[in-house]
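In what follows, chains carry the letters A, B, and so on, assigned in the order in which the sequence lines appear, proteins first and then strands, with residues in each chain numbered from 1.
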Protein chains: 2
Amino acid sequence: MANINYQQLTRTFQRLSRFSHLSSIAGWDMAAMMPPGGSQARGEALAELGVLQHQILTDKNVANGLEAAQQENLSDDERANLNEMARAYHQAALLPESLVEAKSLAGSRCEHAWRTQRKNNDWQGFAPNLKEVVRLSREEANIRAEASGGSRYDALLDLYEPGMTSSRLDVLFADLKSWLPDLLQTVVDKQASRKLINPQGPFPTEAQRQLGLETMTLLGFDFNGGRLDVSTHPFCGGVPEDVRITTRYDENDLLSALFGVIHETGHARYEQNLPRQWAGQPIAHARSMGVHESQSLFFEMQLGRSAAFLKHLLPKIQQHFGSQPAFSLDNFIAWSQTVERGFIRVDADEVSYPAHVILRYEIERALIDGQIEVDDIPALWDEKMQQYLGLSTEGNYRNGCMQDIHWTDGGFGYFPSYTLGAMYAAQLFQAARKALPDLDQNLNDGNFSPLFGWLQQNVWQHGSRFSTSELITHATGEDLNSRYFREHLTARYL
Amino acid sequence: MANINYQQLTRTFQRLSRFSHLSSIAGWDMAAMMPPGGSQARGEALAELGVLQHQILTDKNVANGLEAAQQENLSDDERANLNEMARAYHQAALLPESLVEAKSLAGSRCEHAWRTQRKNNDWQGFAPNLKEVVRLSREEANIRAEASGGSRYDALLDLYEPGMTSSRLDVLFADLKSWLPDLLQTVVDKQASRKLINPQGPFPTEAQRQLGLETMTLLGFDFNGGRLDVSTHPFCGGVPEDVRITTRYDENDLLSALFGVIHETGHARYEQNLPRQWAGQPIAHARSMGVHESQSLFFEMQLGRSAAFLKHLLPKIQQHFGSQPAFSLDNFIAWSQTVERGFIRVDADEVSYPAHVILRYEIERALIDGQIEVDDIPALWDEKMQQYLGLSTEGNYRNGCMQDIHWTDGGFGYFPSYTLGAMYAAQLFQAARKALPDLDQNLNDGNFSPLFGWLQQNVWQHGSRFSTSELITHATGEDLNSRYFREHLTARYL
Ligand SMILES: [Zn+2]
Ligand SMILES: [Zn+2]
């Protein structure tokens, strides 16, 4: 066989993928099903499997195979797969095991304590744990940066958004910062004059769940290969053949769970439609965190909060919760498109969301690159919240710099994915509209399949065959351009 | 360290136990949660982990360690643990991998086809698959029998009920056969004159589920370390720290799910109370399938269908389903203790159940030992059903020899566990009654904890420290004696 080394590697990665299947399902179970008493044994079992996966991936045979396979006669897809294998290998092999272990330990400790400390607004208790996590993340960033030749922060950013750099982010975010604050102010002023009727709850959990399931069906979720369940922190987990999304219900709040479900359905359809012929290989994985988020935001924001979609969603809501004045179409659309400055990122609308992300990006980059220390965070947070959103978080750690889980276990470099996703989503939607002349008519008629077909053609089926830049360029005719996001916000909110 | 080899072995078995944790949870998920589309990927992932576990367990280091550890200075418990390790090793190492694989493949194929064939009463389609499973099971039995020096059937029996032999079973079952048919006839005749009022459904699923949860609480199930869910074939799965029991609901049938839950709660409490200080080691496992079934039948039959327990169960039923004539205490007890000859083992009452098991035992033993062939099964089945239960299954494969899943994937040697369990349970209950002078008064008052405390002391906490024979003798003062089962049936039904 001409590509014997490559073939051997595909078997190793398929084996790894099967083990990942089990840890994904066990991880989902941990969040959605497991009683508290199972926690320690589950943690140990998952850690044992993690050690095994790390050993298999960083084995000398893999290193040798990767080198030898470079010389083999491979198709373009095989070569792309090989590159993704090499990427996974280097990511795992770069760090000494002692650092991986120390980071995992410090992260667990910090995250676990944070769950209580956040409630208690206890920055003094939190800071020492976070310092340890930052120390180890800097160590990791150092090692990765030495290998890549880039900056320390970029080395972490690359874990989530391969190919992205902070110099490119600076340009993109500078652009956002130049027009978004004004736009936000204008929208808030404009909405201040609306006479909005608030829907009256309660909205019983079981009816919300039924509505969620129907909405998933409307959005093409394949229930033969997935489920909807409940967890404290909603997510999309499982495996492409069996995607598990979760939400949480608040009987006084109809939109939160519903748009959460729509968001996770976007993630889920991406997973369910990754190239099945490559199942088990790295090329079959989603391209990046930013592209993943682009799909969820495509569903939640581009499509989900459009007037056309809301028009088809409303009758389902009325079916479950009856009629009330708030459920006039105009009021419902206005209500679903409400823009408000707030403290909490996860509750933010699409106009104010980027401010939350840029703030975190600027702080975490400075933190990893060593320009600031953990003790500087609260003041910087307050300063930037004042500047970007006009809100003070002085002394309010709970709803300020302690609100997110990401930093507690060292997830530095992740936050930009959210706003990259929002920008990709806007650009993709505009490209779909160009490619499909009847799109707006179709959406208005409740026929969403052409749009999903376009995503399938241009994003989902490609997995990791292309770089993000190539993927976006193929799909939209140009590399990422924040202009489409601006145009989308302007069209919807002004 | 004086016992360095033993220590090394404990680490290996702990690692194996962590992997088993993941396959248990993934197996539970497969039965209770997984959508059909996840089936293939899940099967592959579990098989991959199974191969790994087999490799770890049969590694030369384990063999060498087991030999070397024999010479080490071990406590009694450590030595018992070492014996269980050796047992696990030899069970796994005896079979060539090709046979393990062929058996697993033939079993999956036979079981999968059986699900449809049973519905269609298709013995002609089923027989060839079963022949292949039998051929491979005989091969396995041959290899195991050569190693153990016993008979081929005994070698399989020993997998489920270590220490039990068919010559001992023959004595036990001959005794049952000498008095049970008469007893059954007498009970059926006696019950024929009852004027039973049948409860009127429907009994909504959600109310049945609540009733099940409350009954589990009454029976001491620890919800901090376990759950109740739904699956087509009820079972008790998960891990001791997180026990997952399942049931299935029929809105027209109140007792089926309820007593299923009580049964599985017996299995679950055994698992939840296995010696936690030995977690991850073979000594912490349940002693045998027979002992496991003794606990479920202790809960379901000895306790669950006693008048004392039913008296405390009835108010809960009335709370969920209101009052009706069938819910007078006398009628409810009589109804819960109904004895009827039927075709289906899993629906059988405790008086007719042993006939189902003895029939299967006699057929599977002859099959494995080579005295009969697969083609002989239907006629033999019919003959024995006529003889033991007075029912003809001629041409009725669906409700005859094709009703059970066990043989489809080669589970020969398992069936005796059910009736061993029933006999152990009766003997244990009698011993508890002797040890606890206030037991009947306690049960009558709804105070079940002394009884559970006795099981904890005498069965649960010992895991696999003792052989089954030792365990039963310690707990009851004598080895297994079918007398107690007879006395129990006589006292309850005559
Ligand atoms: Zn998301
Ligand atoms: Zn059972």
Side-chain angles (χ1 to χ4, degrees), chain A residues 11-30 32-53 55-56 206 221-229 237-245 268 271-272 276 279-280 284, chain B residues 11-30 32-53 55-56 206 221-229 237-245 268 271-272 276 279-280 284:
Chain A
R11 282 191 292 275
T12 302
F13 277 86
Q14 177 165 71
R15 189 160 176 245
L16 283 168
S17 165
R18 288 170 175 166
F19 291 143
S20 292
H21 176 128
L22 297 174
S23 61
S24 287
I25 295 298
W28 167 85
D29 182 272
M30 205 163 178
M33 294 288 151
M34 190 184 73
S39 172
Q40 200 192 327
R42 181 68 53 86
E44 288 167 4
L46 284 170
E48 189 73 58
L49 190 65
V51 167
L52 174 77
Q53 290 171 295
Q55 280 168 355
I56 295 172
E206 182 50 29
F221 183 92
D222 175 12
F223 283 97
N224 187 52
R227 295 177 50 98
L228 168 68
D229 294 279
V239 295
E241 298 87 350
D242 180 4
V243 175
R244 308 287 174 97
I245 73 171
E271 288 289 316
Q272 291 187 324
R276 205 56 67 88
Chain B
R11 281 191 293 275
T12 301
F13 277 87
Q14 178 165 72
R15 190 161 175 245
L16 283 168
S17 164
R18 287 172 176 164
F19 291 143
S20 292
H21 176 127
L22 297 175
S23 60
S24 288
I25 295 297
W28 167 84
D29 182 272
M30 204 163 178
M33 295 288 150
M34 191 184 73
S39 172
Q40 199 192 327
R42 181 67 54 85
E44 288 167 2
L46 284 171
E48 189 72 58
L49 191 64
V51 167
L52 174 77
Q53 290 171 297
Q55 281 168 354
I56 295 172
E206 182 50 30
F221 183 93
D222 175 10
F223 283 97
N224 187 53
R227 295 177 50 98
L228 169 67
D229 294 278
V239 294
E241 298 87 348
D242 180 5
V243 175
R244 308 286 174 97
I245 73 172
E271 287 289 317
Q272 291 186 322
R276 206 55 69 88

Partner of A/H21 by side chain to side chain donor-acceptor pair (under 3.5 Å), out of B/R42, B/E44, B/E48 | B/R42

Distance-minimising heavy-atom pair for A/G226 and B/P35 | N-CG, 3.3 Å

Find the one option among [options] whose heavy-atom pairs under 4.5 Å with chain A are most numerous.
| options | result |
| --- | --- |
| B/G225, B/A26, B/P36, B/S39 | B/P36 |
| B/D242, B/N224, B/L49 | B/N224 |
| B/G38, B/G238, B/A41, B/G280 | B/A41 |

Heavy-atom distances under 4.5 Å only: say whether A/I25 touches chain B with side chain, backbone, both or neither.
-> side chain

Would you say the side chain of B/L22 lies within less than 4.5 Å of the side chain of A/S23, judging by non-hydrogen atoms?
-> no

More than 12 non-hydrogen atoms from neighbouring residues, nucleotides or ligands closer than 6.0 Å to CD on B/Q55, yes or no?
-> yes

CG on B/L52 to CZ on A/R18, rounded to 0.5 Å | 13.0 Å

Gap separating the CE atom of A/M34 from the CD atom of B/E241, nearest 0.5 angstrom | 11.0 Å

Within the side chain of A/R227, is there an N or O that forms a donor-acceptor pair under 3.5 Å with the backbone of B/M33?
-> yes

State whether B/D29 and A/R244 are salt-bridged, where the test is any N-O pair (Lys NZ or Arg NE/NH1/NH2 against Asp/Glu carboxylate O) under 4.0 Å.
-> yes

